[in-house]
Amino acid sequence: MLVDMHCHIIYGVDDGAQTEEDMHRMLDVAHENEVRHIIATSHIEPGHKRFPAETYISHLQKANDYCRERGYGIDVHVGSEIMYTDVTPRLLHEGNVPTLDRTWTVLVEFLPDVKFKELCEAARDLGNEGMQVVFAHIERYQTLRASVREVRELKEDFGVMMQMNCGTVLHKLGFMGERWKRKVLEDELIDMVASDAHNTTSRCCNVLKCHQTLTEMFDRAYADRLCGGCQAELFGLEA
Ligand SMILES: [Fe+2]
């Protein structure tokens, strides 16, 4: 079962789908990718930009309606990708930020030049609020790209789960990048992959191709876990 737990499919709320038509095309592509569950992780910047929660929920309903109309076996769930700021733990505590599928799990992103110390502090502060933390597209953070040990420490010391984008699995990185990618995957430091799709052109849903590539690189069981098994367990998703 394939799950896309990071994508910007809800139209009119961030830099993902802009129109209802865009959203429909993205759902068509998710269906072609045999995706069973989508968590609609629109960007949220707590304390910086107001998130149009009502619009988000009504467009999410439209996404599910479209899937039913077309006979797609896709469930679209509530979520968000939270840009970490100082006020994030407090706003989460107050219940003002949609978590992943309304669980205690949150998808958090940072600026690429974030320091390792800041990643540790964020993990600690969110952990103190009782959150299971998933770091979004960890390949983007320079400090983690420079050190596999730091990835391991965040997992071991703070229980952070790590998400990699499918595009990173699929595309060749430079020599050092490829070495890093192989190592974090081989050492099972990555918990899940997701498309981070924003459209149907340059940043498209590519979960199925990613699953095939991971099967070739490793084995079917590991590909299954990264592309859906871990997510299904975390969110209690039905097959
Ligand atoms: Fe994203």
Side-chain angles (χ1 to χ4, degrees), residues 2-19 22-23 25-27 29-30 33 35 37-53 55-56 59-60 63 74 76-85 88 91-92 97-103 105-114 119 122-123 126 131-142 144-145 160-171 173 181 184 190-207 209-210 226-228 230-231 234-235:
L2 302 183
V3 177
D4 196 0
M5 55 70 66
H6 178 176
C7 70
H8 301 264
I9 205 156
I10 302 302
Y11 75 96
V13 292
D14 69 358
D15 60 343
Q18 296 302 301
T19 66
D22 290 345
M23 180 172 80
R25 296 296 78 79
M26 287 179 76
L27 288 165
V29 175
N33 271 260
V35 169
H37 294 275
I38 292 173
I39 303 190
T41 53
S42 302
H43 288 291
I44 292 192
E45 292 180 50
H48 287 261
K49 244 190 227 162
R50 199 190 76 81
F51 182 68
T55 308
Y56 171 85
H59 292 183
L60 184 114
I74 300 178
V76 186
H77 306 259
V78 168
S80 67
E81 178 182 19
I82 306 164
M83 174 56 81
Y84 191 81
T85 68
T88 303
L91 292 176
L92 274 166
V97 177
T99 58
L100 297 181
D101 198 24
R102 305 186 201 277
T103 64
T105 304
V106 285
L107 180 68
V108 185
E109 70 165 336
F110 303 86
L111 294 173
D113 63 351
V114 63
L119 291 173
L126 290 167
M131 299 288 164
Q132 167 63 58
V133 183
V134 181
F135 280 178
H137 37 58
I138 67 150
E139 63 274 23
R140 284 201 196 158
Y141 312 125
Q142 291 155 13
L144 300 187
R145 277 291 280 270
V160 174
M161 298 180 96
M162 304 290 170
Q163 180 253 313
M164 179 178 275
N165 280 2
C166 293
T168 304
V169 175
L170 292 171
H171 299 130
L173 309 175
K181 175 169 87 180
V184 289
I190 302 298
D191 296 284
M192 55 196 101
V193 297
S195 74
D196 195 9
H198 281 63
N199 51 47
T200 55
T201 52
S202 57
R203 299 179 76 181
C204 192
C205 179
N206 47 8
V207 178
K209 184 97 192 59
C210 182
L226 287 169
C227 297
C230 173
Q231 298 86 323
L234 200 53
F235 307 118

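Since the model is a prediction, treat every value here as computed from it, not as a measurement. Each residue takes its place number in the sequence, starting with 1. One-based numbering, in listed order, for ligands and for the atoms of each. Just the heavy atoms: all of them, side chains too, but no hydrogens, waters or symmetry mates, feed the values below.
Minimum interatomic distance between I74 and V35 (heavy atoms only, all atoms of both residues): CG1-O, 3.3 Å. Between V76 and A63, the shortest heavy-atom contact is CG2-CB, 4.2 Å.
Remark: D196 engages H6, H8, E81, H137, R140, N165, H198, R203 in a side chain to side chain contact (heavy atoms under 4.5 Å, CB included) (not counting sequence neighbours). Every side chain to side chain donor-acceptor pair (under 3.5 Å) that Y11 has, sequence neighbours left out, goes to H59, K62. With sequence neighbours excluded, the residues satisfying side chain to side chain contact (heavy atoms under 4.5 Å, CB included) with M83 are E45, E109, L111.
Neighbours of the Fe ion (ligand 1) restricted to protein N, O or S atoms under 2.8 Å: the count is 4.
In this structure, D101 contributes its side chain and H77 its backbone to no donor-acceptor pair below 3.5 Å.
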